[in-house]
Amino acid sequence: MNKNKKIGLIVAGAVELALIVFCLIVSILVMSTLHTFAEYGNEAAKLNLEKNGPMIGWFQNNPTPFFLIIVVPMLVILVVDVVYIVMYAVKRESNLSEQEMKILEEQARNQAKDELRAEIMAELEEEEKKKGEKAE
């Protein structure tokens with residue numbers, strides 16, 4: 001892996017980590033300080049904004065934007081990471097050089113030829129034995 005690609009992956013990982021930490025902290029704050037409508041009635045929205053601040057209170061009062069802004073990016077990051085890991089595992093580069101690969105291919109061909117010759121010779125010997133037995 002070249003140096004630029006390695007630096008790019010480190011930067012992407014750091015940004016991803018910062019985004020995940022931010023989303024998790026916001027999610028925990030939203031869920032742990034929520035004043036529910038079942039508990040507080042119509043005062044819940046007002047309490048959420050007053051006690052938890054404008055951002056957390058707004059997320060508590062508007063669950064759809066909370067889902068789209070906080071939860072969906074975390075799910076997308078998870079999917080991208082899983083796809084990248086699978087691609088990396090499948091695409092693993094060989095440690096052998098091109099010349100070493102050619103030598104291995106040539107050895108494999110020679111071994112296959114030798115095995116094929118041995119099988120053909122064994123078949124020919126069997127046919128000669130059968131012909132010898134029939135002639136007697």
(message) Quick check on Asn110: does its CG atom have over 12 non-hydrogen neighbours (other residues, nucleotides or ligands) under 6.0 Å away?
(response) yes
(message) Rounded at 0.5 Å granularity, tell me how far CG in Asn62 sits from CG in Leu68.
(response) 11.0 Å
(message) Using 0.5 Å steps for rounding, measure from the CG atom of Leu34 to the CE atom of Met31.
(response) 6.5 Å
(message) Taking CZ in Phe22 as the centre, count heavy atoms belonging to other residues, nucleotides or ligands within less than 6.0 Å. Is the count above 12?
(response) no
(request) Would you sort out whether Leu116 and Lys113 count as a side-chain contact (heavy atoms from CB on, under 4.5 Å), showing the intermediate values? (result) CA-CA 5 Å; Leu116 187 59; Lys113 285 179 186 178; 5.6 Å; no
(message) How long is the straight-line distance from CG of Leu9 back to OH of Tyr84, given to the nearest 0.5 Å?
(response) 4.5 Å
(message) Once rounded to the nearest 0.5 Å, what's the spacing between atom CZ of Phe59 and atom OG of Ser27?
(response) 9.0 Å
(request) State plainly whether one hydrophobic cluster holds both Leu17 and Ile25, where clusters connect Ile, Leu, Val, Met, Phe, Trp and Tyr through side-chain heavy atoms under 4.5 angstrom apart. (result) yes
(message) If hydrophobic clusters are built from ILVMFWY residues whose side chains come within less than 4.5 Å, do Ile69 and Val76 share one?
(response) yes
(message) Between Asn2 and Lys5 (side chain of the first, backbone of the second, donor and acceptor by atom type, cut-off under 3.5 Å), is there such a pair?
(response) yes
(message) Would you say that Val80 contacts Glu16 through its side chain, given a criterion of any heavy-atom pair below 4.5 Å between the two side chains?
(response) no
(message) side-chain contact (heavy atoms from CB on, under 4.5 Å) for Asn52 and Gln60? Distances and angles first, verdict last.
(response) CA-CA 9 Å; Asn52 302 322; Gln60 289 171 332; 2.7 Å; yes
(message) Main chain of His35, side chain of Asn48: is a donor-acceptor contact present, judged purely on distance under 3.5 Å?
(response) yes
(message) I'd like to know if Ile70 and Ile77 are part of one continuous hydrophobic network [Ile/Leu/Val/Met/Phe/Trp/Tyr, side-chain heavy atoms within less than 4.5 Å].
(response) no
(message) If hydrophobic clusters are built by linking Ile, Leu, Val, Met, Phe, Trp and Tyr wherever their side-chain heavy atoms come under 4.5 Å apart, do Trp58 and Leu29 end up in the same one?
(response) yes
(request) Please round to the nearest 0.5 Å and tell me the distance separating atom CD of Glu50 and atom NZ of Lys46. (result) 5.0 Å
(request) Flag yes if Val30 and Val21 sit in one hydrophobic cluster, no otherwise; membership is Ile, Leu, Val, Met, Phe, Trp, Tyr, and two members link when side-chain heavy atoms are under 4.5 Å apart. (result) yes
(message) Once rounded to the nearest 0.5 Å, what's the spacing between atom NZ of Lys6 and atom CG of Asn4?
(response) 11.5 Å
(request) Could you give me the CA-CA distance, side-chain angles and deciding distance for Glu105 and Arg109, then say whether side-chain contact (heavy atoms from CB on, under 4.5 Å) is met? (result) CA-CA 6 Å; Glu105 287 175 8; Arg109 275 193 212 105; 4.0 Å; yes
